[in-house]
Student: 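Dumping the structure here so I can ask a few things about it.
We number each residue from 1, following the sequence as shown. It should be emphasised that the depicted structure is a prediction, and the values quoted were computed from it without experimental measurement.
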Amino acid sequence: AVRGRTRSPTPETRFPRVTTIPDPRTHGPGLFLFRKCRYRCISIMATKLRKAIIPAAGYGTRFLPLTKTIPKEIVPVMDKPIIHYIVEEALGSGIEEIIIVTNNTKDLLRSYLIDIPEFKSHLRFINQTGPYGSATPIKNAQQFIGDEPFVVLLGDELFLADVPRPAQLMEAFEKTRSPVLGVIETDDDGTSRYGIVDPHDPKPESIFRLFDFFEKPGPENAPSRLASIGSYLLTPDIFEAIERIQPAANGEYQLTDAFRILMEKRPFFGCQLKGDYYDVGTKLGWLEANIAMAMRDPEMQKALHDDLRNR
């Protein structure tokens with residue numbers, strides 16, 4: 001179904017162009033380099049995983065009024081902004097280039113990250129352009145990904161683990177040579193908050209074949225209790241699938257629709273991630289993450305435990 005459209009927009013009108021944001025310390029403020037995205041079939045795929053995309057263009061409405069002046073990605077968890085942990089996670093997994101898709105209101109985010117010496121040489125910032133939806137920042141980054149597989153990490157999630165998420169996804173990719181979605185176990189309530197995968201097996205292995213994906217189906221319609229969080233390892237043919245998706249009822253272009261299109265052509269796999277997940281884009285998840293980080297700090301652990309016990 002075309003969902004009310006008589007003609008689908010072309011890729012050039014959906015995702016017109018990408019803004020490359022230079023380092024403000026070496027270029028004057030307001031200088032932008034515009035390049036049109038390239039749309040072509042992917043025939044060669046590199047084997048080494050070198051690149052990651054962090055979508056960070058959202059306005060953080062769930063944290064208003066704080067996010068009127070502070071980007072949600074630099075809201076701190078303990079003593080570091082959320083995005084600091086995510087960049088560390090990527091670099092700690094061997095990622096060499098991180099493409100952060102942001103918007104022109106987030107100078108504070110860019111300034112913070114490029115002031116960290118160990119981060120600066122690995123970062124590229126681009127402005128998001130095109131329609132709303134989770135597919136747009138991925139499509140915007142296409143020209144910088146090329147023919148390589150890449151990792152996507154959402155900018156408002158925190159994952160605490162001995163082995164970082166990208167490294168766990170890479171291990172699964174080495175075994176499957178196919179796209180991999182990071183998943184965690186969830187409860188009935190989670191089936192209404194997350195995308196749920198269908199493994200066709202009530203007790204799948206840690207790495208398993210996916211047969212379908214359902215966006216927030218609810219407990220009655222969910223095929224499993226395995227939720228896909230914002231951790232994906234994708235192959236470059238996802239860009240062609242993004243071009244084929246139609247907007248949802250709210251007008252947004254969803255990346256999960258591209259997953260389902262690509263599943264018709266090639267295998268998709270799920271990887272049950274080992275670690276603790278926090279949705280720090282919500283107030284409760286942010287509070288839980290702060291408590292979890294404090295409990296990992298030897299100096300704060302006992303004092304916090306005593307304080308919580310006495311309340």
Side-chain angles (χ1 to χ4, degrees), residues 14-21 32 52-77 80-90 98-114 123-142 144 150-159 165 181-182 192-195 215-216 227-232 234 238 242 245 247-259 277-290:
R14 285 181 179 174
F15 311 97
R17 59 187 179 179
V18 170
T19 304
T20 301
I21 305 169
F32 299 113
I53 300 172
I54 301 178
Y59 290 100
T61 54
R62 291 181 292 184
F63 270 86
L64 287 172
L66 176 65
T67 46
K68 285 185 176 181
T69 55
I70 299 176
K72 66 175 182 177
E73 294 83 9
I74 62 170
V75 172
V77 172
K80 292 190 292 190
I82 295 164
I83 200 164
H84 190 120
Y85 294 100
I86 299 171
V87 172
E88 283 184 328
E89 193 178 13
I98 302 171
I99 302 159
I100 299 179
V101 186
T102 183
N103 65 57
N104 58 12
T105 69
K106 295 193 176 185
D107 291 339
L108 189 59
L109 168 64
R110 295 189 288 270
S111 297
Y112 173 82
L113 289 173
I114 63 176
L123 302 178
R124 180 191 296 273
F125 297 91
I126 64 175
N127 273 348
Q128 180 168 316
T129 60
Y132 286 111
S134 56
T136 299
I138 310 307
K139 188 64 177 175
N140 286 165
Q142 179 179 1
F144 306 109
F150 60 97
V151 171
V152 177
L153 299 171
L154 298 189
D156 56 2
E157 296 185 345
L158 182 64
F159 198 80
R165 283 176 298 174
L181 307 185
S192 299
R193 294 189 293 121
Y194 304 109
E215 186 64 36
K216 302 177 183 178
S228 173
I229 60 173
S231 314
Y232 319 125
L234 302 175
I238 192 65
I242 290 175
I245 62 179
N250 61 1
E252 295 186 0
Y253 288 79
Q254 298 297 339
L255 183 61
T256 52
D257 288 340
F259 292 165
Y277 165 78
Y278 302 93
D279 180 1
V280 288
T282 68
K283 293 177 182 178
L284 178 59
W286 173 81
L287 180 61
E288 291 173 337
N290 274 278

Student: Closer than 3.5 angstrom, by distance alone: can the side chain of T67 be matched with the main-chain N or O of I70 as a donor-acceptor pair?
Tutor: no

Student: Going by side chain to side chain contact (heavy atoms under 4.5 Å, CB included), name the residues that satisfy it together with E288, two or more places apart in sequence or in a different chain.
Tutor: Y278, L284

Student: Got a sec, which residues hit side chain to side chain donor-acceptor pair (under 3.5 Å) with S192, two or more places apart in sequence or on another chain?
Tutor: none

Student: For A90, what residues pass the side chain to side chain contact (heavy atoms under 4.5 Å, CB included) criterion, not counting sequence neighbours?
Tutor: I95, I98, L153

Student: Applying ring-ring contact (aromatic ring centres under 6.0 Å, His included), can you list everything that pairs with F159, at least two apart in sequence or on another chain?
Tutor: none

Student: Determine which pairs satisfy salt bridge (Lys or Arg N to Asp or Glu O under 4.0 Å) with at least one residue from residues 58-70, sequence neighbours left out, and list them in order.
Tutor: R62-D156

Student: Suppose we screen for salt bridge (charged side-chain N to carboxylate O under 4.0 Å, His left out). Which residues come up paired with E157, at least two apart in sequence or across chains?
Tutor: R165

Student: Hey, could you give me the OG1/OH distance between T136 and Y253, rounded to the nearest 0.5 Å?
Tutor: 8.5 Å

Student: Could you state the interatomic distance from CD (E73) to CG (L154), rounded to the nearest 0.5 Å?
Tutor: 10.5 Å

Student: Please round to the nearest 0.5 Å and tell me the distance separating atom OG of S134 and atom CD of E215.
Tutor: 7.5 Å

Student: One pair to check against side chain to side chain contact (heavy atoms under 4.5 Å, CB included): V101 and I54. What are the steps and the verdict?
Tutor: CA-CA 6 Å; V101 186; I54 301 178; over 6 Å; no

Student: Is it true that a side-chain atom of Y85 and a backbone atom of V77 form a donor plus acceptor pair closer than 3.5 Å?
Tutor: yes

Student: Does any part of the side chain of P55, heavy atoms only, come nearer than 4.5 Å to the side chain of I138, both counted from C-beta?
Tutor: yes

Student: Taking all non-hydrogen atoms of both residues, which atom of K106 and which atom of G58 are closest, and how far apart?
Tutor: NZ-O, 2.5 Å

Student: Using the test side chain to side chain donor-acceptor pair (under 3.5 Å), find all partners of S228 that sit at least two apart in sequence or belong to another chain.
Tutor: none

Student: Using the side chain to side chain donor-acceptor pair (under 3.5 Å) criterion, which residues pair with Y112? Sequence neighbours excluded.
Tutor: H84

Student: Y232: what forms a ring-ring contact (aromatic ring centres under 6.0 Å, His included) with it, not counting sequence neighbours?
Tutor: F259

Student: Do D279 side-chain atoms and G285 backbone N/O form a donor-acceptor pair below 3.5 Å?
Tutor: no

Student: State, to 0.1 Å, how close Q254 and I245 come at their nearest heavy-atom pair, and which atoms those are.
Tutor: O-CD1, 3.6 Å

Student: I need the minimum non-hydrogen distance between I242 and A258, along with the two atoms involved.
Tutor: CG1-CB, 3.8 Å

Student: How long is the gap from CG on L287 to OG1 on T282, to the nearest 0.5 Å?
Tutor: 9.5 Å

Student: What's the separation between atom CZ in F63 and atom NZ in K283, rounded to the nearest 0.5 Å?
Tutor: 7.5 Å

Student: By salt bridge (charged side-chain N to carboxylate O under 4.0 Å, His left out), which residues pair with K80, not counting sequence neighbours?
Tutor: E88

Student: Under the criterion side-chain contact (heavy atoms from CB on, under 4.5 Å), which of I238, L234, I99 is the partner of V152?
Tutor: L234

Student: Taking side chain to side chain contact (heavy atoms under 4.5 Å, CB included) as the test, write out the residues that go with L108, two or more places apart.
Tutor: P71, I74

Student: So, using side chain to side chain contact (heavy atoms under 4.5 Å, CB included) as the criterion, who are the partners of V75 when residues are at least two apart?
Tutor: L66, I82, W286

Student: Is there a side chain to side chain contact (heavy atoms under 4.5 Å, CB included) between N103 and Y59 once you walk through the steps?
Tutor: CA-CA 9 Å; N103 65 57; Y59 290 100; 3.9 Å; yes

Student: Just how far is it from atom CD1 of I126 to atom OG1 of T102, taken to the nearest 0.5 Å?
Tutor: 10.0 Å

Student: With no hydrogens and no angle check, is any side-chain donor or acceptor of K72 less than 3.5 Å from a backbone partner on A56?
Tutor: no

